2 protein chains.
Amino acid sequence: MPAIRNQIRELRALREMTQQQLADQVGVTRQTVIAIEQDKYSPSLETAFKVAIALGVPLEQCFQYDSRGRR
Amino acid sequence: MPAIRNQIRELRALREMTQQQLADQVGVTRQTVIAIEQDKYSPSLETAFKVAIALGVPLEQCFQYDSRGRR
DNA sequence: GCTCCGTGTTAAAAATATTTGACATCCTTA
DNA sequence: TAAGGATGTCAAATATTTTTAACACGGAGC
């Protein structure tokens with residue numbers, strides 16, 4: 001569980017997009033989307049970019065590095 | 001070789017930073033820095049974030065997704 | 001000439017990300 | 001109650017990233 005948070009679930013809800021639909025657009029499996037959404041591990045930069053694009057936001061609006069010491 | 005470009009070499013030169021120094025700050029090996037710098041593969045999002053931070057720029061200023069059809 | 005430093009390469013091993021497939025739960029709706 | 005959709009979990013296999021270690025090359029300086 002890396003020090004990275006994400007807004008996938010919220011963004012997905014905003015666009016009324018299912019995990020399966022996001023997975024298809026990104027080109028990964030549903031399990032991968034679940035794992036990333038739940039911070040199970042740090043995705044590859046390429047996958048991260050594709051997720052952000054599929055959700056229609058810049059990468060940093062989808063993933064934030066937890067700069068150790070959240071205030 | 002993913003569709004992602006990066007400005008690592010240029011940013012590193014700007015700060016007069018060696019590959020080894022960057023690797024140390026990021027917490028990876030020199031070979032990893034070389035591989036990323038040369039687009040050998042897509043790093044993990046976590047590593048990408050650390051590289052950007054070490055270089056003092058936001059992630060998207062360091063890595064750009066090659067949105068297939070660069071104009 | 002030699003040596004140090006920064007860079008690049010290679011191969012094999014280790015670690016981590018991703019896939020495949022199967023099954024469970026909770027809603028909704030017929 | 002049965003069925004379908006969306007989500008979640010698990011384990012094993014595969015793919016990809018990262019490490020380790022060794023060696024090569026060019027440039028700068030002595």
Side-chain angles (χ1 to χ4, degrees), chain A residues 1-70, chain B residues 1-70:
Chain A
M1 57 217 85
I4 295 180
R5 281 167 305 148
N6 73 79
Q7 262 58 58
I8 297 179
R9 180 169 283 272
E10 293 83 336
L11 292 167
R12 208 162 47 70
L14 268 181
R15 331 235 153 195
E16 301 186 32
M17 205 182 220
T18 180
Q19 290 177 335
Q20 184 64 65
Q21 292 172 327
L22 177 55
D24 289 343
Q25 284 200 35
V26 171
V28 297
T29 61
R30 189 169 63 89
Q31 284 84 338
T32 298
V33 167
I34 294 177
I36 297 174
E37 198 166 298
Q38 295 177 176
D39 281 329
K40 291 278 180 59
Y41 52 66
S42 196
S44 73
L45 182 57
E46 187 168 19
T47 298
F49 261 122
K50 289 183 185 166
V51 167
I53 289 172
L55 292 173
V57 298
L59 191 145
E60 292 187 324
Q61 202 168 318
C62 190
F63 298 95
Q64 297 91 31
Y65 191 80
D66 218 333
S67 24
R68 206 24 71 227
R70 31 187 318 197
Chain B
M1 55 215 86
I4 295 179
R5 281 168 304 148
N6 72 79
Q7 262 58 58
I8 298 179
R9 180 170 283 273
E10 293 84 335
L11 292 167
R12 208 161 48 70
L14 268 180
R15 331 236 154 194
E16 302 186 31
M17 207 182 218
T18 182
Q19 291 177 334
Q20 183 65 64
Q21 292 173 326
L22 177 55
D24 289 344
Q25 283 201 35
V26 171
V28 297
T29 61
R30 189 169 62 89
Q31 283 85 336
T32 297
V33 167
I34 293 176
I36 297 174
E37 198 166 298
Q38 294 177 174
D39 282 329
K40 291 279 180 61
Y41 52 65
S42 197
S44 74
L45 182 57
E46 188 168 19
T47 300
F49 262 122
K50 289 182 186 167
V51 167
I53 290 171
L55 291 172
V57 298
L59 191 145
E60 293 188 324
Q61 202 168 318
C62 191
F63 298 94
Q64 298 90 31
Y65 190 78
D66 217 332
S67 22
R68 204 26 68 223
R70 32 188 316 199

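Everything numeric here is computed off the predicted structure, so don't read it as measured data. Reminder, nothing fancy here: chain letters follow the sequence lines and each chain counts from 1.
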Could you tell me how far apart [X] ([atom1]) and [N] ([atom2]) are, to the nearest whole angstrom?
X	N	atom1	atom2	result
A:E16	D:dA6	CD	C1'	14 Å
A:I36	D:dT7	CD1	C1'	16 Å
A:D39	C:dA17	CG	C1'	14 Å
B:D24	C:dG6	CG	P	11 Å
A:L45	C:dT16	CG	P	19 Å
B:Q20	C:dG6	CD	P	9 Å
B:F49	D:dT17	CZ	P	18 Å
A:I8	D:dT7	CD1	P	13 Å

| field | Options D:dG8, D:dT17, C:dT18, nucleotide nearest the side-chain atoms of B:Y41 | value |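 Among D:dG8, D:dT17, C:dT18, the one nearest the side chain of B:Y41 is D:dT17.
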| said: Let's see if you can work this out: which of D:dT17, D:dT9, D:dA22 has an atom nearest to the side-chain heavy atoms of B:S42? | reply: D:dT17
| Under 4.5 Å between any side-chain heavy atoms of B:C62 and B:V51, yes or no? |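 A side-chain contact under 4.5 Å exists here.
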Looking at [X], I'd like to know whether one of its side-chain N or O atoms comes within less than 4.0 Å of OP1 or OP2 on [N].
X	N	value
A:Q19	D:dG5	no
B:K40	D:dT16	no
B:S44	C:dA17	no
A:R12	D:dT7	yes
A:R9	D:dG8	yes
B:T29	D:dT20	no
B:T18	C:dC5	no

| What do you reckon, is CD of B:E10 surrounded by more than 12 foreign heavy atoms closer than 6.0 Å? |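 Count over threshold, so yes.
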| So, does A:R15 use its side chain to make a donor-acceptor pair with the main chain of A:L55 at under 3.5 Å? | yes
| task | Verify, without hydrogens or angle tests, whether B:E46 (side chain) and A:I4 (backbone) share a donor-acceptor contact under 3.5 angstrom. | result | no
| request: Compare every heavy atom of A:R9 with every heavy atom of A:Q19, then report the nearest pair and how far apart it is. | output: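 Looks like NE2-NH2, 4.0 Å.
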| With a 4.0 Å cut-off on heavy atoms, is A:Q38 in touch with a base, just the backbone sugar-phosphate, or nothing at all? | sugar-phosphate
| Counting any heavy atom closer than 4.0 Å, what does A:T32 reach on the DNA or RNA strands: base, sugar-phosphate only, or nothing? |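 A:T32: base contact, heavy atoms under 4.0 Å.
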| message | Please determine whether any donor N or O and acceptor N or O are separated by less than 3.5 Å between the side chain of A:Q31 and the base of C:dG21. | response |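 Side chain to base: pair found, below 3.5 Å.
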